[in-house]
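First comes the structure, then the notes that go with it.
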2 protein chains.
Amino acid sequence: MTEPLHRVLVIDDELAIRRFLRHSLNPEQFELLEAETGEEGLRLIATKEPAVVLLDLGLADIDGVEVARQIREWSQVPIIVLSAREQDHDKVAALDAGADDYLTKPFSVVELQARIRVALRHGSLATGALPPAFIAGDLEIDLLARLVRKGGVEVHLTPNEFKLLAALVKNAGRVVTHKQLLTEVWGPDFAEEAHYLRVYMGQLRHKLEDEPAQPRLLTTESGVGYRLRTE
Amino acid sequence: MTEPLHRVLVIDDELAIRRFLRHSLNPEQFELLEAETGEEGLRLIATKEPAVVLLDLGLADIDGVEVARQIREWSQVPIIVLSAREQDHDKVAALDAGADDYLTKPFSVVELQARIRVALRHGSLATGALPPAFIAGDLEIDLLARLVRKGGVEVHLTPNEFKLLAALVKNAGRVVTHKQLLTEVWGPDFAEEAHYLRVYMGQLRHKLEDEPAQPRLLTTESGVGYRLRTE
DNA sequence: GAAATTCCTGACAACTTCTTGATCATTTTC
DNA sequence: GAAAATGATCAAGAAGTTGTCAGGAATTTC
């Protein structure tokens with residue numbers, strides 16, 4: 001399962017740090033934007049709307065704390081400060097200026113990654129007004145609200161039907177193997193009970209397809225698994 | 001100007017740490033609650049609703065990471081881990097389990113205070129976005145005023161009925177699981193007493209629905225939980 | 001401390017969901 | 001293109017969940 005792509009902006013004038021980050025953040029998971037100055041960083045936040053900002057304090061043009069303050073005048077994007085300064089008052093100043101986290105160089109890659117995941121969680125909560133909905137044709141699937149609509153009309157799904165659909169939505173467009181689906185919905189002990197899938201896929205098709213016998217959304221990949229088509 | 005009073009819960013079995021925090025956090029600004037075990041901590045989160053939780057990893061009963069995971073099953077309260085463990089994998093495990101920040105002991109008081117301020121900012125964003133009043137049809141629910149009106153007429157609710165309704169309002173439109181509801185209303189020790197929900201949902205329906213037998217607002221998601229419909 | 005309210009609990013009926021086997025259709029393999 | 005493997009459909013009984021009611025315990029109120 002591939003993660004969605006998150007845009008991360010690093011504002012740091014040291015090439016070494018930017019290069020380090022470029023190698024630390026898996027490009028399949030993160031799209032890394034780079035800014036050398038505070039000015040450029042602010043512009044990129046406005047134009048590219050990154051999901052997280054990694055901010056160095058020792059910039060050439062504007063002080064990092066001031067950059068954080070200016071970001072906070074109009075943006076709620078999570079800011080993680082990366083700095084060599086380990087004095088308390090630097091940390092306090094940055095955090096009070098609006099930064100959400102503060103990592104002292106040198107830091108470990110896995111810790112940075114974990115803290116980025118925390119920041120992404122916060123970001124999606126704050127902007128979470130927009131539901132993580134899947135839409136294809138007249139079908140709307142909102143996993144968070146646990147709500148499915150077809151042509152604007154709510155469709156009732158049983159717990160297993162919903163879990164199965166959720167597993168497909170999380171991998172929308174890709175084939176999900178029988179084993180994977182069975183494990184996610186019924187647990188690893190049922191990984192061979194492929195018959196369950198036929199019954200439940202049938203029920204989902206009846207509820208969600210225009211012509212259940214000729215499925216266009218929930219398609220079979222014979223011998224492999226099923227797929228939720230994205231269009 | 002007096003600062004608002006923020007309730008902070010510390011979960012730590014070491015008396016020394018609790019005493020240290022008691023002296024570090026200005027009592028005019030913070031009301032400090034203390035729990036010695038994970039069990040007690042979970043109960044206090046449910047009953048006292050602290051604004052921030054300070055969590056030690058090395059507890060006597062449950063592992064701190066597991067405590068964080070259990071909190072996240074039903075609560076969004078910000079969690080700052082305070083731990084002597086400085087291994088990367090401890091940090092990553094705690095942050096991925098749902099913690100929002102991780103401080104390694106010994107930490108400085110001013111840094112802790114600054115990180116608590118960050119956590120409070122996050123907390124007020126997450127909960128502050130919630131509407132103080134919910135309106136659907138002829139039903140008006142004002143959580144702050146603790147007032148419920150149906151067709152302009154005030155409806156009297158018992159304490160438990162109101163807490164249950166409040167938990168649903170806070171997640172209006174979304175399904176709220178049995179566990180989540182039970183934990184919020186009765187506390188984590190009652191997370192399996194699904195029968196309570198049937199009785200109290202029945203009472204709420206009698207007071208709030210036009211046709212209690214055919215609920216339109218307070219609907220059942222069989223096997224999952226209940227939902228307060230928004231339209 | 002008596003009255004009123006609220007809470008907990010058990011019994012049972014009604015309802016929903018899950019599992020399962022039989023049968024037929026489709027796809028893949030040789 | 002026939003045989004074998006895989007997939008779809010249907011229906012019915014089993015299992016699990018939910019709604020309802022009511023009496024007694026506990027708590028709160030006056």
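A note on names: the letters A, B, ... follow the listed sequences, proteins ahead of strands, and every chain is numbered from 1.
Between the CZ atom of R198(A) and the P atom of dA25(C) there is a distance of 16 Å, given to the nearest Å. One interatomic measurement links the two molecules: CG of L204(A) to P of dC18(C), which rounds to 11 Å at whole-angstrom precision. Rounded to whole Å, atom C1' of dT26(C) lies 12 Å from atom CZ of R205(A). dT16(C) atom C1' lies 13 Å from atom NE2 of H178(B), rounded to whole Å. If you take CG of L197(A) and P of dT20(C), they are 14 Å apart, rounded to a whole angstrom. Atom CD in Q214(B) sits about 13 Å away from atom C1' in dA14(C), given to the nearest Å.
The side-chain hydrogen bond (donor to acceptor under 3.5 Å, both in side chains) check on E221(A) picks up R227(A), with sequence neighbours excluded.
For DNA chain D, the contact window with chain A, defined by any atom under 4.0 Å from a protein heavy atom, covers dT6(D) to dC10(D) in 5' to 3' order.
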Exercise. Report the C-alpha separation of E66(B) and Q70(B) in whole Å, then their side-chain angles, then the decisive distance to 0.1 Å, and conclude whether the side chain to side chain donor-acceptor pair (under 3.5 Å) test is met.
Key: CA-CA 6 Å; E66(B) 181 55 28; Q70(B) 289 191 29; 3.3 Å; yes
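Taking the six-membered ring where tryptophan is involved, the planes of Y196(B) and F190(B) are tilted, since the angle between them lies from 30° to 60°. In this structure, H6(A) and F30(A) have tilted ring planes: the angle between them lies in the 30° to 60° band.
Only H195(B), listed by number, bring a heavy atom of residues 185-196 of chain B to less than 4.0 angstrom from any atom of DNA chain D. Of the residues in residues 156-167 of chain B, H156(B), T158(B), P159(B), N160(B) come within less than 4.0 Å of DNA chain C through at least one heavy atom, sorted by number.
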Table please: side-chain donor-acceptor pairs of residues 208-220 of chain B below 3.5 Å, with sequence neighbours left out.
residue	atom	partner	partner atom	Å
E209(B)	OE1	R216(B)	N	3.0
E209(B)	OE2	R216(B)	N	3.2
E209(B)	OE2	L217(B)	N	2.8
E209(B)	OE2	L218(B)	N	2.8
D210(B)	OD1	K150(B)	NZ	2.9
T219(B)	OG1	R229(B)	NH1	2.9
T220(B)	OG1	R205(B)	NH2	2.8

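Checked by atom type and distance alone, the side chain of R72(A) pairs as donor or acceptor with a backbone atom of G98(A) at under 3.5 Å. In terms of modelled atom types and a separation under 3.5 Å, the side chain of R7(A) and the main chain of K48(A) share a donor-acceptor contact. Between the R115(B) side chain and the Y102(A) main chain, a donor and an acceptor come within less than 3.5 Å of each other. A donor-acceptor distance shorter than 3.5 angstrom exists from the side chain of D100(B) to the backbone of I79(B), with no hydrogens or angles considered. Judged by distance alone, the side chain of E161(A) and the main-chain N or O of T158(A) form a donor-acceptor pair under 3.5 Å.
When the nearest nucleotides of DNA chain C are assigned to Y200(A) and V199(B) by heavy-atom distance, the more 5′-ward of the two goes with V199(B).
With a 4.5 Å cut-off on side-chain heavy atoms, L21(A) and L54(A) count as touching.
For the helix from dG1(C)-dC30(D) to dC30(C)-dG1(D), the rotation axes defined at the first and last 5 base pairs enclose an angle of 50°, given to the nearest 10°.
Taking CG of N26(A) as the reference point, atom NE2 of H23(A) lies at 12.5 Å (rounded to 0.5 Å).
At a threshold of 4.0 Å, the pair R69(B)-E73(B) does not count as salt-bridged, since none of the basic side-chain nitrogens sits closer than that to a carboxylate oxygen.
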